[in-house]
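Take a look at the structure below.
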Amino acid sequence: MITKLIFVCTDNTCMSPIAETIFRNADHDLDLEVSSRGLVVLFPEPVNPKAETVLATHGLIMNNHTARQFKAEEVDEQTLILTMSTVQKRRLAIDFFINDNVYTLPEFAGIHGDVDDPYGKNTEAYEECYTKLYDLMQNVIYRLLYGRLPDIEKSEEEPHNNIISGGEKT
């Protein structure tokens, strides 16, 4: 049973705080300890102003977020870790020896690919990142609530993704 959810990105100033904020503000009955962390946090810094602006345009407020470094000590067997990219997922395995209950956010949501990092780009890129994270979060929440992904029509051309099976332990 999952009791803790950690969203992970590189520096914890953009993508993982946006994902955390979307999850916290979503309408669900999940009782989880939710946080976000970065793989390379050299010093505590606030969320990226463009990320904060995009969240505010959607009526979401991030209160006093400060970037925090990922620490293996915060993880136990009931922790689900969702990274923004395959590279970040690999870093958890290589640098922290953590492989269990680690997925990319798209992978956990039943989608192929990574979340594109908008860092250093214009506000439109941050809006696109928000939209992708929001859309993915709908499947993440559904999977956490019901133990499976929502039933959707799959094209025969789409490769099989083994996380779609309902019997998989999360």
Side-chain angles (χ1 to χ4, degrees), residues 1-41 43-71 74-75 78-89 101-153 163-164 170:
M1 178 178 173
I2 299 301
T3 60
K4 190 186 309 183
L5 173 58
I6 303 174
F7 294 102
V8 175
C9 69
T10 301
D11 60 5
N12 194 223
T13 62
C14 179
M15 294 187 297
S16 61
I18 290 173
E20 176 187 2
T21 302
I22 292 169
F23 186 89
R24 286 183 182 277
N25 286 278
D27 186 20
H28 58 73
D29 292 328
L30 293 164
D31 184 24
L32 299 174
E33 179 184 329
V34 181
S35 61
S36 64
R37 298 290 185 266
L39 293 172
V40 182
V41 177
F43 54 90
E45 62 181 305
V47 70
N48 183 294
K50 290 177 186 173
E52 199 166 29
T53 298
V54 166
L55 284 169
T57 63
H58 293 279
L60 303 177
I61 304 301
M62 187 182 307
N63 292 323
N64 301 319
H65 176 82
T66 302
R68 294 184 61 193
Q69 175 66 39
F70 178 86
K71 295 180 182 174
E74 296 181 287
V75 176
Q78 295 175 324
T79 304
L80 172 63
I81 302 170
L82 299 178
T83 67
M84 304 298 124
S85 71
T86 304
V87 170
Q88 294 159 354
K89 179 181 172 182
N101 291 331
V102 179
Y103 302 87
T104 68
L105 195 148
E107 174 185 25
F108 194 80
I111 307 295
H112 296 286
D114 293 335
V115 178
D116 293 329
D117 190 350
Y119 182 79
K121 298 178 183 168
N122 60 23
T123 305
E124 290 78 26
Y126 283 80
E127 180 63 37
E128 288 172 16
C129 179
Y130 170 88
T131 300
K132 181 160 188 171
L133 289 171
Y134 181 87
D135 291 345
L136 291 170
M137 206 62 67
Q138 306 315 301
N139 281 5
V140 167
I141 291 167
Y142 191 96
R143 184 172 178 184
L144 289 170
L145 285 169
Y146 303 109
R148 63 181 180 82
L149 290 169
D151 295 327
I152 55 175
E153 293 293 319
I163 67 166
I164 293 176
T170 57

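Because the structure is predicted, anything quoted here is derived from the model rather than measured.
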Item to complete: Please list, chain by chain and in numerical order, all residues satisfying side-chain contact (heavy atoms from CB on, under 4.5 Å) with T3, sequence neighbours excluded.
Response: Q78
Worksheet item: F23 versus H28: any side-chain heavy-atom pair under 4.5 Å?
Response: yes
Fill in: salt bridge (charged side-chain N to carboxylate O under 4.0 Å, His left out) partners of E52, counting only residues at least two apart
none
Item to complete: For Y119, check ring pair (Phe, Tyr, Trp, His ring centres under 6.0 Å) against everything at least two apart and list the hits.
Response: none
Discussion item. Would you compute the distance between atom CD1 of I2 and atom OG1 of T79 and round it to the nearest 0.5 angstrom?
Written reply: 7.0 Å
Discussion item. Looking at V41, is its backbone amide N or carbonyl O close enough to the side chain of Q69 to form a donor-acceptor pair, meaning the two atoms are under 3.5 Å apart?
Written reply: yes
Discussion item. Strictly by salt bridge (Lys or Arg N to Asp or Glu O under 4.0 Å), give each pair with a member in residues 108-125 just once, sequence neighbours left out.
Written reply: none
Practice prompt. Using side-chain contact (heavy atoms from CB on, under 4.5 Å) as the criterion, list what pairs up with K89, not counting sequence neighbours.
Written response: T83, V102, T104, E107
Fill in: Side chains of F7 and I18 in contact at under 4.5 Å (non-hydrogen atoms)
no
Worksheet, complete the sentence: Closest non-hydrogen contact found for L30 with L144 is CD1-CB, 3.7 Å
Item to complete: Work out which heavy atom in I22 is nearest to a heavy atom in Y134; give both atom names and the distance.
Response: CD1-N, 3.7 Å
Worksheet entry | side chain to side chain donor-acceptor pair (under 3.5 Å) against R68, all qualifying residues, sequence neighbours excluded | none
Worksheet item: When T10 is tested against each of Q88, M15, M84 for side chain to side chain contact (heavy atoms under 4.5 Å, CB included), which residue passes?
Response: Q88
Worksheet item: Does a side-chain heavy-atom distance below 4.5 Å link Y103 with V140?
Response: no
Worksheet item: Would you say the side chain of L136 lies within less than 4.5 Å of the side chain of V115, judging by non-hydrogen atoms?
Response: yes
Worksheet item: With sequence neighbours left out, what residues match E74 under side chain to side chain donor-acceptor pair (under 3.5 Å)?
Response: R37
Worksheet item: Can you list the residues that meet the side chain to side chain donor-acceptor pair (under 3.5 Å) rule with S35, with sequence neighbours excluded?
Response: none
Worksheet item: Does atom OH of Y142 have more than 12 heavy-atom neighbours, drawn from other residues, nucleotides or ligands, at distances under 6.0 Å?
Response: yes
Worksheet item: Short question: side chain of E33, backbone of L5 - any donor-acceptor pair under 3.5 Å?
Response: no
Discussion item. Measuring from atom NZ of K4 to atom CD1 of I81, what distance do you get when rounded to the nearest 0.5 angstrom?
Written reply: 9.0 Å
Discussion item. With side-chain hydrogen bond (donor to acceptor under 3.5 Å, both in side chains) as the rule and sequence neighbours excluded, what pairs involving residues 58-67 come up?
Written reply: N12-H65, H58-E127
Worksheet, complete the sentence: Rounding to 0.5 Å, atoms CD (E128) and OG1 (T131) come to a distance of 7.5 Å
Discussion item. Contact between L39 and V8 at the side-chain level, heavy atoms closer than 4.5 Å - yes or no?
Written reply: yes
Worksheet item: Under a 4.5 Å cut-off applied to non-hydrogen side-chain atoms, are M62 and P17 in contact?
Response: yes
Worksheet item: Of all residues at least two apart in sequence or in a different chain, which pass the side-chain contact (heavy atoms from CB on, under 4.5 Å) check with T13?
Response: D11, E45, A67
Fill in: Residues which pass side-chain contact (heavy atoms from CB on, under 4.5 Å) with N25, listed by chain and number, not counting sequence neighbours
T21, L60
Discussion item. Going by the rule ring pair (Phe, Tyr, Trp, His ring centres under 6.0 Å), which residues pair with F70 if we only count those two or more places apart in sequence or in a different chain?
Written reply: F96
Worksheet item: Given side chains that start at C-beta, do those of C14 and C9 come closer than 4.5 Å, heavy atoms only?
Response: no
